[in-house]
Every structure is written in C-alpha cells, then in structure tokens.
Amino acid sequence: METQFLFFFSALGVFNALLISFYFFFYKKPKSKANYFFGLLLLMLAIRVGKSVFFHFNRDLADVYIKIGLSACILIGPALYFYIKSVMYPEKKNKYWPVHFLILLISA
C-alpha cells in the first residue's frame, strides 16, 4: 500500500510538471525567451524525475529510457543558465543558445 502511494504522488508530481511546462511553452503571455527556458527547465526536470520513478518501480526498464533520463539531466544545467540569463538581461540577444543544446544532445 505504501509503494502505491509513493508511486501515485511521484507520478502526480511529474504530471504536474509536464502540464506547467506546456503552459509556459504554449499559453503564457507575453511570449518571452524566459518563459520558453523555464518551460524547458520544467520539462527536463519532469523527464528526469519520471525516469527515476519508473526505474524505481520497474527495474526491467529498457536502456533507451535510462539514456533519455540522463540526457535530460545533462540539459537541466543549460536550461537553468539560459533562464536566469534571460530573466536578468532581457534586453541582450543571445542567438547562439541552440548551439549549446545541440552540442550537449549530440554528446549525450
């Protein structure tokens, strides 16, 4: 019974993070880079926590899911960095942020 509660509340937290990240991607007004980076940060955290929850309750998880969780873990740092940078300096234009994410995705 305790493990069912743990799984339910963990999965509920992941679901809430996914909903909030999609809210910041698609519905939040005004559209700004800070909103997109915050949505990306929440999405990466939800993927990482979701992978850990499912791995905790199912040890026979395929390796591809574990690698997706590790890739999300790698992208948490840059998403947080660019979110803070876009909040603190909204007037600065950083056009090279996709390069950072692309390099990290290729290396993962």
Side-chain angles (χ1 to χ4, degrees):
M1 187 73 161
E2 293 172 3
T3 58
Q4 292 173 345
F5 280 127
L6 180 64
F7 180 76
F8 174 75
F9 286 115
S10 300
L12 187 65
V14 170
F15 180 71
N16 283 335
L18 287 173
L19 282 179
I20 294 170
S21 70
F22 288 131
Y23 170 76
F24 276 98
F25 276 134
F26 300 114
Y27 298 111
K28 179 72 173 142
K29 305 287 186 209
K31 300 284 186 190
S32 69
K33 281 191 179 180
N35 289 339
Y36 290 121
F37 286 127
F38 188 65
L40 183 66
L41 176 65
L42 285 175
L43 180 65
M44 293 300 114
L45 287 170
I47 290 171
R48 177 69 176 118
V49 170
K51 190 274 313 174
S52 296
V53 167
F54 289 118
F55 184 71
H56 178 74
F57 290 100
N58 182 12
R59 296 286 178 174
D60 298 329
L61 205 60
D63 288 339
V64 69
Y65 295 114
I66 294 171
K67 290 179 183 178
I68 288 172
L70 291 175
S71 297
C73 191
I74 289 172
L75 294 176
I76 288 171
L80 179 63
Y81 171 75
F82 286 113
Y83 169 67
I84 291 172
K85 189 174 178 181
S86 64
V87 167
M88 292 183 69
Y89 307 108
E91 67 279 348
K92 276 190 151 183
K93 301 291 182 195
N94 186 0
K95 57 184 174 183
Y96 298 112
W97 65 267
V99 175
H100 295 281
F101 285 102
L102 185 64
I103 290 171
L104 287 173
L105 279 176
I106 290 172
S107 67

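Atom CZ of Phe57 has more than 12 neighbouring heavy atoms from other residues, nucleotides or ligands inside a 6.0 Å radius.
With hydrophobic clusters built from ILVMFWY side chains whose heavy atoms lie under 4.5 angstrom apart, Phe8 does not share a cluster with Phe15. Placement of Met88 and Phe82 within a single hydrophobic cluster is found when ILVMFWY residues are connected by side-chain heavy-atom separations under 4.5 Å, directly or transitively. Hydrophobic cluster membership is shared by Leu41 and Val87, with clusters built from Ile, Leu, Val, Met, Phe, Trp and Tyr side chains linked at under 4.5 angstrom. Met44 is connected to Ile84 through a chain of hydrophobic side-chain contacts under 4.5 Å among Ile, Leu, Val, Met, Phe, Trp and Tyr, so both are in one cluster. When the side chains of ILVMFWY residues are joined at heavy-atom separations under 4.5 Å, either directly or via intervening members, Leu40 and Tyr23 end up in a single hydrophobic cluster.
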Item to complete: Please assess Phe7 against His56 for the test side chain to side chain contact (heavy atoms under 4.5 Å, CB included), listing each intermediate value before the final yes or no.
Response: CA-CA 9 Å; Phe7 180 76; His56 178 74; over 6 Å; no

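Rounding to the nearest 0.5 Å places CZ of Phe25 at 8.5 Å from CG of Leu42. Between the NZ atom of Lys28 and the NZ atom of Lys31 there is a distance of 10.0 Å, given to the nearest 0.5 Å. With values rounded to the nearest 0.5 angstrom, Leu43 atom CG is found 4.0 Å from Ile47 atom CD1. Within the model, atoms CG of Leu75 and CG of Leu80 stand 12.5 Å from one another, a figure rounded to the nearest 0.5 Å. Taking SG from Cys73 and CG from Leu45, the interatomic distance works out to 9.0 Å, rounded to the nearest 0.5 Å.
When all heavy atoms of Ser86 and Ala34 are compared, the closest pair comes out as OG-CA, 3.2 Å. When all heavy atoms are compared, the tightest approach of Val14 to Ala46 is CG1-O, 3.6 Å. Closest of all the heavy-atom pairs between Ala72 and Arg48 is CB-N, 4.2 Å.
In this structure, the side chains of Phe24 and Tyr36 stay at 4.5 Å or more apart for every pair of heavy atoms.
Ring geometry, Phe38 versus Tyr83: the interplanar angle falls from 30° to 60°, so the pair is classed tilted. Using the six-membered ring where Trp is involved, Phe26 and Phe22 have ring planes that are parallel, under 30° apart on the 30 and 60° scheme.
Within the 3.5 Å criterion, the main-chain N or O of Leu18 finds a donor-acceptor partner in the side chain of Ser21. Formation of a donor-acceptor pair under 3.5 Å by the Asn35 side chain with backbone atoms of Pro30 is found in this model.
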